[in-house]
Amino acid sequence: MVCLLTPSCTRTVDSLLRELFPHIPENKFQLLVIDTQGCDLKVLGGCHRLLRNGLKYVSVEISEDPLYEGGCTHEQITDFLKLYGFRMKNMFIHSAGWGEAFYVKHPKLAIFKSFGNNTDSNKISWDNLALHKPCQQSSYYQFFTPELVKKQSAVNGIKNGQFSFHTEKEVNPWWQVDLEKCYELKEIKIYNRLNSCSERARTLRVLLSSDGGKWEEIYANDEGSIFGGVDNNPLIIPIDGKVARYVRLQLNEENYLHLDEVEVYGR
């Protein structure tokens, strides 16, 4: 059994289990109990491997309406757990509008199937989930209008070595893509602008989010290396099966942010 009572850290459950119990396979954990004061859905978002590989039961605190800032409803938790084949078996809600729910897994109903211990993930089909998806950025260069951004040129599948989006010079400029659903991610490929100023991406960071509010940094170019793009040298960032909807690219300095193309692979 895995029991979470308070949101005492920002580590994912998957990473904590690998650190604390490195020799115990994920399919040995059968019951997950969560009571984290409104952070229950965020905690579940960090349980991807555990939910996918063998967990049979989930008991979680629920509410009809969010009781805390950034909280969720029991419908949102139920919809999320459905991705892994879990169905609500029992629910009790007090007159105050909160209670407990118990979910049981039906593996045949899962969208995220268990890989097992011997599955070669390279044989799985991974799609570019960012293709033609909506994008946002922190600011717009004076000659690069919001109308051009709406054309989603950084995720249109066309790579030519020039910039597809361009921010103003500012502190920590960012660009992000909304995948429109939460997906299991495999890797991110980032194609730099090559016709000029490639070095401006030297402090690039990559962050993921499931709700657009809470972000997790998964990559930081601390060495300041300059990567390429259509010269067959794009920046490739492997991701260990993390689940996210939003992918944000951000500089860790005051500068312009501009890139050629961004690809996000997952399923």
Side-chain angles (χ1 to χ4, degrees), residues 12 14-15 41-42 44-53 76 79-85 109-115 119-138 148-160 163-165 167 174-193 201 204-221 227-230 232-250 257-267:
T12 66
D14 285 338
S15 65
L41 187 57
K42 295 177 181 179
L44 285 169
C47 299
H48 173 65
R49 295 180 63 90
L50 185 63
L51 291 169
R52 187 186 65 188
N53 293 325
Q76 291 173 301
D79 288 343
F80 179 83
L81 287 174
K82 281 182 178 179
L83 296 171
Y84 299 88
L109 301 178
I111 295 176
F112 292 140
K113 304 293 185 180
S114 172
F115 283 174
T119 300
D120 183 358
S121 63
N122 292 323
K123 297 179 181 179
I124 299 172
S125 176
W126 303 93
D127 300 318
N128 178 13
L129 304 172
L131 193 63
H132 304 303
K133 295 296 175 61
C135 306
Q136 293 179 301
Q137 60 191 71
S138 57
L148 291 175
V149 175
K150 291 179 180 179
K151 294 182 179 180
Q152 304 163 353
S153 55
V155 290
N156 63 3
I158 300 174
K159 298 178 279 287
N160 56 22
F163 68 82
S164 295
F165 69 89
T167 71
W174 56 264
W175 171 96
Q176 69 183 42
V177 59
D178 178 3
L179 305 179
E180 299 184 317
K181 294 180 181 179
C182 285
Y183 291 95
E184 176 190 4
L185 303 184
K186 173 67 174 177
E187 70 177 17
I188 299 174
K189 290 185 179 180
I190 303 173
Y191 293 79
N192 202 355
R193 173 187 182 181
L204 190 71
R205 303 163 58 214
V206 179
L207 303 96
L208 302 180
S209 175
S210 295
D211 58 8
K214 181 181 178 182
W215 296 87
E216 176 188 3
E217 181 179 296
I218 62 164
Y219 171 83
N221 189 13
F227 58 93
V230 292
N232 294 321
N233 191 33
L235 175 62
I236 301 177
I237 303 170
I239 305 174
D240 184 23
K242 291 184 179 297
V243 176
R245 170 175 173 172
Y246 300 91
V247 177
R248 174 177 289 187
L249 312 184
Q250 182 171 324
L257 175 60
H258 45 63
L259 296 166
D260 181 8
E261 185 78 5
V262 180
E263 298 174 341
V264 181
Y265 288 91
R267 71 185 187 103

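In this text the structure is predicted, and so the values were computed from the model without any measurement.
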Lys159 with Glu261: basic N within carboxylate O range, under 4.0 Å: no
Salt bridge between Asp211 and Arg245, side-chain N to carboxylate O under 4.0 Å? no
Any donor-acceptor N/O pair, Asn128 side chain to Ala130 backbone, under 3.5 Å: yes
[atom1]/[X] to [atom2]/[Y] distance, rounded to the nearest 0.5 angstrom?
X: Leu249; Y: Leu259; atom1: CG; atom2: CG; value: 6.5 Å
X: Ile158; Y: Ser164; atom1: CD1; atom2: OG; value: 8.5 Å
X: Ile236; Y: Tyr191; atom1: CD1; atom2: OH; value: 7.0 Å
X: Ile190; Y: Asn221; atom1: CD1; atom2: CG; value: 9.5 Å
X: Tyr265; Y: Ile237; atom1: OH; atom2: CD1; value: 13.5 Å
X: His132; Y: Glu180; atom1: NE2; atom2: CD; value: 12.0 Å

Considering only heavy atoms from C-beta outward, does the side chain of [X] approach that of [Y] to under 4.5 Å?
X: Trp175; Y: Val262; value: yes
X: Tyr219; Y: Ile239; value: no
X: Leu44; Y: Tyr84; value: no
X: Glu217; Y: Trp215; value: no

Ring-plane angle category for His258 and Phe163, please: parallel below 30°, perpendicular beyond 60°, tilted otherwise. tilted
Assess the residue pair Asp79 and Gln76 against the criterion (side chain to side chain contact (heavy atoms under 4.5 Å, CB included)); give the C-alpha distance rounded to whole Å, side-chain angles, the decisive distance to 0.1 Å, and a yes or no. CA-CA 5 Å; Asp79 288 343; Gln76 291 173 301; 5.8 Å; no
Dump the intermediate steps for salt bridge (charged side-chain N to carboxylate O under 4.0 Å, His left out) on Asp127 and Arg267, then the final yes or no. CA-CA 6 Å; Asp127 300 318; Arg267 71 185 187 103; over 6 Å; no
Could you walk me through whether Val206 and Val247 pass side chain to side chain contact (heavy atoms under 4.5 Å, CB included), step by step? CA-CA 7 Å; Val206 179; Val247 177; 4.3 Å; yes
